[in-house]
Amino acid sequence: MAKQQFKAESKRLLDMMINSIYTHKEIFLRELISNASDAIDKRHFRSLTDASLVPENGYEIRLTADTDARTLTISDNGIGMTKDELENNLGVIAQSGSLAFKKENQTEDTDIIGQFGVGFYASFMVASNVRVISKACGETQAYVWESDGADGYTIEPGEKDSFGTDIILTIKPNQENENGDVEEGYDEFLETYRLAGLVRKYSDYIRYPIKMLMPHSKEKPKPEDAPEDYQPEYETVYEDETLNSMVPLWKKDKKDITEDEYNEFYRSKFMDYMKPLRVIHSHSEGLTASYTSMLYIPAQAPYDYYSKDYQKGLQLYASGVLIMDKCADLLPDYFGFVRGLVDSSDLSLNISREMLQHDRQLKAIAISLEKKIKSELLKMQKDDRENYEKFWEAFGYTIKAGAYANYGADKEKLRDLLMFYSAKEKKMISLKEYREAMPEGQEEIYYAAGTNVDLLDKLPQAEMVRKHDYDILYLTADIDEFVINLLAEQDEKKFRSITAGDLNLSSDEEKKEAEEKSTANRAMFDLMKESLDGKVKDVRVSSRLVSDPVCLTSEGSLSIEMERVLNAMPNGQGHVNAEKILEINASHPVFETLCKLYNDDQDKLKQYTELLYNQALLIAGIPIADPAAFSNAICDLMAK
Ligand SMILES: Nc1ncnc2c1ncn2[C@@H]1O[C@H](COP(=O)(O)OP(=O)(O)OP(=O)(O)O)[C@@H](O)[C@H]1O
């Protein structure tokens, strides 16, 4: 049986095309300029074997907007189209002359963009009528293709002086609702500044000049007989301007790019007035896609960085044409602060060029970018500490959040980038640095968590650690202790909070003495515990206090600081309680007083216990439940 060809209702097909492929109608310009660039590429390719085809005044793409006639013309002096080509390329949807050209000529040398044979029809998103006047290279007769979209097209002989193509779009009128508000605006596509902006956005790196007459306001020359109170007069002058920068900076050789050029590009492209801390510019030949990337580490977080509005992502270019402004899949969340772009001519794009067809390519690129970013950050941490500290100040939280997210799935990737404040060095250090500086005999990595360094510096528990000349990491961000707990150890040494559990820093004798004293005074401690009414798990003699009278420590997996952080969360899961221990320094005179009161005045002992507990809370940086009562109790004591 003879095979039948599918028939398509071309009107419907065109309508579908126009309305469902693209999300932004402004991309019609990108598509037409890409076609013009392809056409010039083809002419250039042919001119290599036929010198007569080299245009006298060079190649160019020109935009002309006529607001009165409501037309926008995109002209090129490229290869042009014969009558047949107009018929085949513009009359058959999904026929790509460009793809055929690439296949026929098997050339790697061109950057031909077209492949699907649909881009041209994007014109109908903004135009009610499209006229294409084209004269193919080497031909004497020009032809005019014209269509209003749905009702088909006509082709007739026409007039054109030089080889190339003019695409004349009659821009649709603005669509208004009953109230006269603009619902669909089209006028903008006749405004020179808007058009120039679109060129810069999507087609900045098309390698031929895209020109347009741009209006400029100029002061008129002052007349000789100008009166004294002469006010300068202005007129609008049109000057020819090239709108695109043509050579993508990232395609230049690294050694030919100055620091200023990198920085200027960053500032203008990513709207940051501070110069970046680092530029990572590289070219990669991958199995799935070769690409060039130019990444920047900003010096400061954008104002919305820590809000839901911030969108991470890199610009994605295919052969110099912008495909996506913020391709989120190229960056993991924890490197979401990185700005920059990726350019590849190997990407398999989907038909609208708004997405890639295979995210396999994207994944491969993302993995290699992540490695690059990490290794560059580590380099910075090692060789350029000042800038790394700035980076850490701006984005350290993101890295810590990344290490904590998903139950620590990425913690090992990020471990070496982490920095915490060192009590000894009085600056931020990495975990590796702490570990390497550990003196012989130190068995654990000490840390203290709290709201600020000054407070932590004064923690009674720190004195014992300092006495041994051991460093302490001060964890001052809410997330810090959670991250440290997930990491659990660094090069086989466990993390140990100086306010939790047994620090193992006192000698066996000291420990024994503390235990004995605790046992001997068990009844007193039980009474104290009871009077605190469940607020502490135990009261005991401390083996970690040196000169201070009292402190709070914790047992179990939840520390006092974690309790504070979790309970302060707006969507916290109810109230959590750390298992607190009130530790008393038996060498402090207050201990004797307590023992005395236990025998003489147990009510007073209970009052003092409450006072000591509140003091311990204050030292730990935790607000007390009833500050007025606390203050009154102290005043009562003072008055006695
Ligand atoms: N300005 C032009 N000069 C010469 N030929 C052109 C021009 N514009 C379009 N063409 C021809 O028309 C064909 C169809 O264009 P169209 O934009 O629809 O698709 P494409 O560029 O091939 O592919 P894509 O949909 O990927 O953009 C092109 O392949 C090209 O052969």
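When a ligand or atom number is given, it counts from 1 through the structure's own listing order.
Gln300 and Asp272 share a side-chain donor-acceptor pair at under 3.5 Å. Counting only N and O atoms by type, the side chains of Tyr334 and Glu370 include a donor and acceptor under 3.5 Å apart.
Taking all heavy atoms of Ile79, Asn35, Ile61, Ile40 into account, the minimum distance to atom 8 (N) of ligand 1 is reached by Asn35.
When non-hydrogen atoms are compared, ligand 1 lies under 4.0 Å from the side chain of Asp76 (C-beta onward) but not from its backbone. With a 4.0 Å heavy-atom cut-off, ligand 1 is reached by the side chain of Thr165 but not by its N, CA, C or O.
The distance from ligand 1 to the heavy atoms of Gly119 drops below 4.0 Å at these ligand atoms: 16 (P), 17 (O), 18 (O), 19 (O), 24 (P), 25 (O), 27 (O). Residue Leu90 has at least one heavy-atom neighbour below 4.0 Å for each of these atoms of ligand 1: 12 (O). Of all atoms in ligand 1, numbered sequentially from 1 with element shown, those under 4.0 Å from a heavy atom of Ser98 are 22 (O), 28 (C), 29 (O), 30 (C), 31 (O). Within ligand 1, counting atoms from 1 as listed, the ones closer than 4.0 Å to a heavy atom of Glu31 are 27 (O).
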(message) Run Tyr388 and Phe391 through ring pair (Phe, Tyr, Trp, His ring centres under 6.0 Å) and show every step you take.
(response) CA-CA 5 Å; Tyr388 192 77; Phe391 155 74; 5.2 Å; yes

(request) Please assess Tyr305 against Phe395 for the test ring pair (Phe, Tyr, Trp, His ring centres under 6.0 Å), listing each intermediate value before the final yes or no. (result) CA-CA 9 Å; Tyr305 183 66; Phe395 303 110; 5.2 Å; yes

(request) Please report the C-alpha distance between Arg70 and Asp187 in whole Å, then the side-chain angles of each, then the deciding distance to 0.1 Å, and finally whether the salt bridge (charged side-chain N to carboxylate O under 4.0 Å, His left out) criterion is met. (result) CA-CA 8 Å; Arg70 285 193 76 79; Asp187 288 4; 2.9 Å; yes

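A salt bridge does not link Glu235 to Lys220: none of the charged side-chain nitrogens sits closer than 4.0 Å to a carboxylate oxygen.
In terms of polar-atom proximity, defined here as any N/O pair under 3.5 Å, Tyr121 makes no such contact with ligand 1.
Within the 4.0 Å heavy-atom cutoff, Lys42 counts among the residues contacting ligand 1.
Taking all atoms of both residues into account, the shortest heavy-atom contact from Gln381 to Leu417 is NE2-O, 3.8 Å.
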